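The model shown is predicted, which means the values in this text are computed figures rather than measured ones. Chain letters run A, B, ... following the sequence lines, proteins first and then strands; every chain starts at 1.
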Amino acid sequence: MGKKLSTIWQSLALLGFVLTALASTSAKDTINSKEFREGFERGWEFGRSLRSDATLDIQYLDSDSIDFSHPDVAQVSYSKIEQN
Amino acid sequence: MKDDSSCIITSVFLLTLGACLYLLFRKPVIFTEPLTQYGLTFPLIPLASGFWSDFLRFTLPDVLWVLAILTFSSTIKLSVLRILALLVAPFYEVGQLLGLIPGTFDYIDLIVYIIITLIFIKKWEKNSQRFGKA
């Protein structure tokens with residue numbers, strides 16, 4: 001009986017661990033950063049086709065930047081595109 | 001029994017540490033939202049992008065989570081459940097790769113998870129008395 005109880009609470013604890021991982025994802029405005037990046041890059045290539053002298057400046061972790069530095073970034077903001 | 005208690009306490013401590021990193025360095029996530037509602041927020045500490053700052057923000061909380069699971073699983077006597085505990089983190093990451101679980105797959109996370117898991121397996125093998133009871 002004791003062993004059964006122990007197994008039950010350990011199973012619940014494991015489930016709790018999984019839930020903590022799920023709860024560490026963004027609650028809102030969550031987008032898939034891979035898809036976002038791919039879309040962004042397609043847009044960027046299109047922009048380059050229009051203006052070959054366009055340059056891109058990505059700033060990190062301030063209010064108006066994309067943080068592309070890590071693939072785990074699910075919530076991204078926007079970038080600054082500079083044109084020469 | 002005493003060992004089990006210390007494993008559980010360590011596990012909770014590791015989880016708490018990881019949660020603190022989320023509160024300090026990451027944008028709001030599901031588990032920080034209730035805290036925000038009660039005004040329990042910390043100002044987000046901005047970090048310039050770089051290997052170590054990215055490690056601190058993105059990899060370390062996950063590493064602490066895996067360490068917490070594996071430390072907790074040291075208390076599990078049932079071998080099936082312990083194997084399940086070992087597989088949680090790698091499967092979670094692969095689930096992200098397959099789009100089954102929210103979040104983005106990161107091969108660095110997966111490699112780190114596998115290394116940590118292997119270290120724990122070695123540790124358990126050394127501690128054969130405990131492992132043998134499983």
> If you count heavy-atom pairs within less than 4.5 Å of chain A, which of B/L15, B/I69, B/L84 leads?
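Most heavy-atom pairs within the cutoff with chain A belong to B/I69.
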> Given the rule that I, L, V, M, F, W and Y join up when any side-chain heavy atoms are under 4.5 Å apart, are B/I115 and B/L97 in one cluster?
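Looking at the clustering, B/L97 is in the same group as B/I115.
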> Could you look at B/A19 and say if it's the side chain, the backbone, both or neither that has a heavy atom under 4.5 Å from chain A?
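Interface part for B/A19: neither.
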> Has B/W52 got more than 12 heavy atoms of other residues, nucleotides or ligands less than 6.0 Å from its CH2?
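No, the 6.0 Å shell around CH2 holds no more than 12 heavy atoms from other groups.
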> Locate the shortest heavy-atom distance separating A/F17 from B/S11; write the atom from each residue and the value.
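Looks like CZ-OG, 3.3 Å.
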> Between B/I114 and B/L87, is there a shared hydrophobic cluster once you connect ILVMFWY residues whose side-chain heavy atoms come closer than 4.5 Å?
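Per the 4.5 Å side-chain linkage, B/I114 and B/L87 are not co-clustered.
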> Would you say A/I8 and B/I76 are hydrophobically clustered, going by side-chain heavy atoms of ILVMFWY under 4.5 Å?
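No, separate clusters.
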> When rounded to the nearest 0.5 angstrom, what is the spacing between CG in B/L78 and OG in A/S6?
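The CG atom of B/L78 sits 8.5 Å away from the OG atom of A/S6.
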> Under a single-linkage definition using a 4.5 Å side-chain heavy-atom cutoff for Ile, Leu, Val, Met, Phe, Trp and Tyr, are B/V112 and B/L21 assigned to the same hydrophobic cluster?
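B/V112 and B/L21: one cluster.
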> Please report the shortest heavy-atom distance between A/Q10 and B/L81, naming the atom on each side.
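Between these two residues, the closest heavy atoms are CB-CD2, 3.8 Å.
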> Ignoring hydrogens, what is the shortest heavy-atom contact between B/F72 and A/A13? Give both atom names and the distance.
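Shortest heavy-atom contact: CZ-CB, 3.3 Å.
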